[in-house]
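Remember, predicted model here, so these are calculated numbers, not experimental data. Basis for what follows: all heavy atoms, side chains included, without hydrogens, waters or symmetry-related copies.
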Amino acid sequence: MASRSFQWIAVCLLAVLLASPPPARAQDPTAGFTAVSLSASNFMLQKPYNMPASSRYSFNGTVRQMWIAPSDDPYSPQSDTKPRTEMRMTGYDYSSGVWQFEGLVYVPSGSSGMSIMQVFGGDATATTLMLHVYGGALWYYNQQVIEDGIYDRWLRVNVVHDVGASRLTVFVDGQLKLTFPGRGGDTHFFKFGVYMQRDASARMESLWRNIRILRKN
């Protein structure tokens with residue numbers, strides 16, 4: 001009897017496995033794109049204006065670490081924006097074509113209530129895209145979850161912006177996660193780091209490496 005029960009369980013498990021769809025194959029979002037040349041001059045740090053860079057930013061030649069606290073001041077005395085420590089990519093502002101941002105990001109456990117990446121430039125809003133983090137999930141603004149369980153692991157994030165088609169696409173670890181319309185705007189550029197949003201944690205932090213900007217061939 002025990003042998004028959006085991007055989008029956010094995011048959012059921014095999015049926016479940018055969019009925020389950022195969023895992024989605026990772027794509028290469030950069031196929032058909034060419035990376036532009038980046039140097040130190042293309043990375044412009046924005047951090048609380050009254051603090052030295054070392055208080056909110058570190059770079060060991062490979063990993064860029066950025067963090068803020070809710071009580072931090074904005075990036076300039078004249079700004080009324082929320083605290084941020086972000087890298088504003090310069091030299092490749094664009095108004096046409098198909099462009100892509102790529103980077104590996106790590107968000108430490110507990111960091112929440114912040115934007116970690118932006119496509120700047122829009123008509124009714126300042127941005128066309130913001131990737132937020134709330135409670136260990138990556139969000140499209142505060143409207144839709146893109147990826148759960150992002151804490152304490154490196155994620156490959158690719159954002160493709162087709163200006164002419166007014167369409168953006170987000171990939172995480174080579175998996176297509178979201179496609180959505182653009183928000184207009186005459187000029188765009190990429191930003192990454194930490195920018196406070198709603199329900200912020202006491203420390204907001206992200207780490208980045210392997211940053212690339214690419215252009216459609």
Using atom types as modelled and distance alone, determine if a side-chain donor or acceptor of Thr127 lies under 3.5 Å from a backbone N or O of Met130. no

Scan side-chain atoms only and decide if Lys216 and Gln100 contain a donor-acceptor pair under the 3.5 Å cut-off. no

Only residue of Phe120, Phe190, Phe189 satisfying ring-ring contact (aromatic ring centres under 6.0 Å, His included) with Tyr94 is Phe190

Under 6.0 Å between the ring centres of Phe101 and Trp208? yes

Do the side chain of Ser206 and the main chain of Gly193 share a donor and acceptor less than 3.5 angstrom apart? yes

Are the side chains of Leu168 and Val160 in contact, using a 4.5 Å heavy-atom criterion? no

Rounded to the nearest 0.5 angstrom, the OH-CG distance for Tyr134 and Asp199 is 7.5 Å

What is the minimum heavy-atom distance between Arg84 and Pro48, and which atoms define it? O-CD, 3.3 Å

May I ask you to check if Arg64 and Phe43 form a cation-pi contact, with NZ or CZ under 6.0 angstrom from the six-membered ring centre and within 45° of the axis? yes

Arg56 side chain reached by Met66 side chain, heavy atoms, under 4.5 Å: no

Do Gln46 and Thr85 touch side chain to side chain, with heavy atoms closer than 4.5 Å? no

Cut-off 3.5 Å, side chains only: do Glu86 and Gln118 have a donor facing an acceptor? yes

Treat each ILVMFWY residue as a node, draw an edge where side-chain heavy atoms are under 4.5 Å apart, and state whether Val107 and Ile211 are in one component. yes

CG-OG distance between Asn142 and Ser115, expressed to the nearest 0.5 angstrom: 11.0 Å

Got a second to check how far Tyr75's OH is from Leu45's CG, nearest 0.5 Å? 12.5 Å

Interatomic distance, Met89 atom CE to Met44 atom CE [nearest 0.5 angstrom]: 10.5 Å

Check whether any side-chain N or O of Thr30 sits under 3.5 Å from a backbone N or O of Leu214 as a donor-acceptor pair, and report yes or no. no

Below 6.0 angstrom between ring centroids: does that apply to Phe180 and Tyr140? yes

With a sphere of 6.0 Å drawn around CZ of Arg198, does it hold more than 12 non-hydrogen atoms of other residues, nucleotides or ligands? no

With the 4.5 Å side-chain cut-off for hydrophobic clustering, are Met114 and Val63 part of the same group? no

For the residue pair Trp99 and Tyr92, does the interplanar ring angle fall in the parallel (under 30°), tilted (30 to 60°) or perpendicular (over 60°) class? tilted

Answer whether the closest heavy-atom distance between the side chains of Leu176 and Gln27 falls below 4.5 Å. yes

If we ignore angles and hydrogens, is there a donor and acceptor under 3.5 Å between the side chains of Ser95 and Asp186? no

Hey, does the side chain of Trp67 reach the backbone of Ser55 with a donor-acceptor pair shorter than 3.5 angstrom? yes

Say whether, by atom type as modelled, one donor and one acceptor occur between the side chain of Ser112 and the main chain of Gly135 under 3.5 angstrom. yes

Determine whether the side chains of Glu205 and Ser111 contain a donor N or O and an acceptor N or O closer than 3.5 Å. no

Evaluate the ring planes of Tyr57 and Phe59, with Trp represented by its six-membered ring, and classify them as parallel (under 30°), tilted (30 to 60°) or perpendicular (over 60°). parallel

Which pair of heavy atoms, one from Asp72 and one from Pro83, lies closest together, and at what distance? O-CG, 3.1 Å

same_hphob_cluster(Trp139, Val119) at 4.5 Å side-chain heavy-atom cutoff: no

A cation-pi test, strictly: NZ or CZ of Arg183 under 6.0 Å from the centre of the six-membered ring of Tyr141 and no more than 45 degrees from its axis. Yes or no? yes

Would Asp173 and Arg156 pass as an ion pair if we require N to O under 4.0 Å? no

Sub-4.5 Å side-chain heavy-atom contact between Leu138 and Val145: no

Minimum heavy-atom separation for Trp154 and Leu104, please, with both atom names. CZ3-O, 3.4 Å

When every non-hydrogen atom of Ser41 is compared with those of Thr90, the smallest separation belongs to O-OG1, 3.1 Å

In short, Pro70 meets Ser201 closest at the heavy-atom pair CG-O, 3.3 Å

Spatial distance of atom NZ (Lys177) from atom OG1 (Thr169) [nearest 0.5 Å]: 14.0 Å

Measuring only between side-chain heavy atoms, which start at C-beta, is Val157 closer than 4.5 Å to Glu102? no

Find out whether Ile116 and Val105 are in side-chain contact, i.e. whether some heavy atom of one side chain is under 4.5 Å from a heavy atom of the other. yes

Working to the nearest 0.5 angstrom, can you tell me the gap between Met117 CE and Tyr195 OH? 15.0 Å

Counting only N and O atoms by type, is there a donor-acceptor contact under 3.5 Å from the side chain of Asn158 to the main-chain atoms of Phe171? no

Flag the pair Arg88 and Asp93 as a salt bridge only when some basic side-chain nitrogen lies within less than 4.0 angstrom of an acidic carboxylate oxygen. yes

Quick check: is Ile150 connected to Leu207 through a chain of hydrophobic side chains (ILVMFWY, heavy atoms under 4.5 Å apart)? no

Just checking, is any N or O donor in the side chain of Tyr106 or Arg153 under 3.5 Å from an acceptor N or O on the other one? no

Do Met196 and Leu131 share a hydrophobic cluster, counting only Ile, Leu, Val, Met, Phe, Trp and Tyr and linking them when any side-chain heavy atoms are less than 4.5 Å apart? yes

Grab the two heavy atoms, one from Asn42 and one from Leu38, that are nearest each other, plus how far apart they are. OD1-CA, 3.3 Å

